Amino acid sequence: MADRDAPPRWDRKMQQRLARGEAAALGELYDRFSSLVHALAYRVLSDEHAADSITREVFAHAWENPDAYDPRQGPLRSWIATLTHRLAVRRLRQTEAAALAEGGPGSAEEVERRVRRASVAARADYIVTAMPAPLRAALDLAYVQRRDYRQAAADLDVTEDEARRRLRLGLQLLATAHDSGPSEAPDDGGGR
């Protein structure tokens, strides 16, 4: 039972350390989540420089506003990912709208479709990286290696029923990437 309490305890302690202004806490937070933040930002923006900028913004926000994170609302990892997603979508929307205003090709509807596609793809990436390893392994076998559930069961050394269950649960998790509604509107509150 203690293992289940470890991440929230770490999250609360990290928030408290950030609130006290401990620079080492920011370093630990960066070390733990920078690859996640950069990957999500890059997935939305498809621009290395812009992803770097969003990564800096996310950690600056966490440093300047540690109380924006509420441990009772969920893991710090999810809060960081949500903040990254929101900032990256906002940046993409601004960039695309500016290009459109300067006479670039397309329409406002096309801009929103591109933003929506990038947003859903980033959420799907996050869901896959956050899902339990057995579900991820089953999905990898089925969709990357093109195995059916019987072959996946043999490769995973589980029953066929268990392989089907893992595939079903993994797909249900992935479906939530589309269920989040329209891309988040800009939100300056930093909350969830």
Side-chain angles (χ1 to χ4, degrees), residues 7-8 10-11 14-15 29-62 65 68-97 99-100 106 108-145 165-192:
W10 184 90
D11 293 352
M14 177 56 68
Q15 180 196 31
L29 188 71
Y30 182 86
D31 289 346
R32 189 170 209 169
F33 297 120
S34 62
S35 61
L36 168 71
V37 169
H38 192 273
L40 286 173
Y42 184 80
R43 182 70 162 122
V44 171
L45 299 166
S46 299
D47 179 329
E48 192 72 34
H49 180 70
D52 290 344
S53 175
I54 293 296
T55 301
R56 286 189 300 274
E57 285 182 48
V58 166
F59 289 101
H61 182 85
N65 305 288
Y69 167 64
D70 181 357
R72 295 173 302 199
Q73 297 295 315
L76 185 58
R77 174 187 171 93
S78 295
W79 180 74
I80 292 285
T82 299
L83 178 60
T84 302
H85 182 257
R86 186 175 50 251
L87 293 175
V89 166
R90 180 184 302 157
R91 175 77 53 88
L92 179 61
R93 189 172 278 125
Q94 289 169 343
T95 303
E96 295 284 337
L100 187 61
E109 293 81 23
E110 289 173 8
V111 167
E112 282 306 310
R113 275 196 297 278
R114 285 194 296 270
V115 168
R116 174 74 175 145
R117 271 195 308 273
S119 179
V120 168
R123 277 195 301 269
D125 283 353
Y126 176 72
I127 289 166
V128 168
T129 61
M131 75 175 43
L135 301 184
R136 192 172 46 250
L139 288 175
D140 179 66
L141 287 169
Y143 292 97
V144 176
Q145 298 181 34
R165 185 189 71 78
R166 289 179 185 184
L167 289 168
R168 183 179 59 252
L169 290 174
L171 290 173
Q172 287 171 340
L173 285 171
L174 276 174
T176 64
H178 293 283
D179 295 341
S180 298
S183 301
E184 287 79 12
D187 174 359
D188 295 326
R192 297 169 48 88

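Since the structure is predicted, the reported quantities are computational estimates derived from the model, not experimental observations.
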For the atom pair [atom1] ([X]) and [atom2] ([Y]), what is the distance rounded to the nearest 0.5 Å?
| X | Y | atom1 | atom2 | answer |
| --- | --- | --- | --- | --- |
| H38 | S34 | NE2 | OG | 9.0 Å |
| L83 | S78 | CG | OG | 12.5 Å |
| L100 | T95 | CG | OG1 | 12.5 Å |
| R91 | L87 | CZ | CG | 8.0 Å |
| L135 | I127 | CG | CD1 | 12.0 Å |

Could you go through the side chain to side chain contact (heavy atoms under 4.5 Å, CB included) check for E96 and L92 one step at a time?
CA-CA 6 Å; E96 295 284 337; L92 179 61; 3.8 Å; yes
So, does [X] use its side chain to make a donor-acceptor pair with the main chain of [Y] at under 3.5 Å?
| X | Y | value |
| --- | --- | --- |
| R136 | V128 | yes |
| D11 | L76 | yes |
| D47 | A50 | yes |
| T84 | I80 | yes |

Determine the interplanar angle of the Y69 and W79 rings, folded into 0 to 90°, and report it as parallel if under 30°, tilted if 30 to 60°, perpendicular if over 60°.
tilted
Does the pair R93 and V89 meet the rule for a side chain to side chain contact (heavy atoms under 4.5 Å, CB included), with working shown?
CA-CA 6 Å; R93 189 172 278 125; V89 166; 3.7 Å; yes
pair [X]-[Y]: side-chain heavy atoms closer than 4.5 Å:
| X | Y | answer |
| --- | --- | --- |
| Y30 | V37 | no |
| R116 | E112 | no |
| Y143 | L174 | no |
| T82 | H85 | no |
| L169 | M131 | no |

Salt bridge (Lys or Arg N to Asp or Glu O under 4.0 Å) partners of R77, counting only residues at least two apart:
none
How about R123 and S119: does a side-chain donor come under 3.5 Å of a side-chain acceptor?
yes
Trace of the side chain to side chain contact (heavy atoms under 4.5 Å, CB included) decision for Y126 with L36
CA-CA 8 Å; Y126 176 72; L36 168 71; 3.7 Å; yes
Using the rule given for side chain to side chain contact (heavy atoms under 4.5 Å, CB included), can you reason through T55 versus Y42, listing the C-alpha separation, both sets of side-chain angles and the distance that settles it, and then say yes or no?
CA-CA 10 Å; T55 301; Y42 184 80; over 6 Å; no
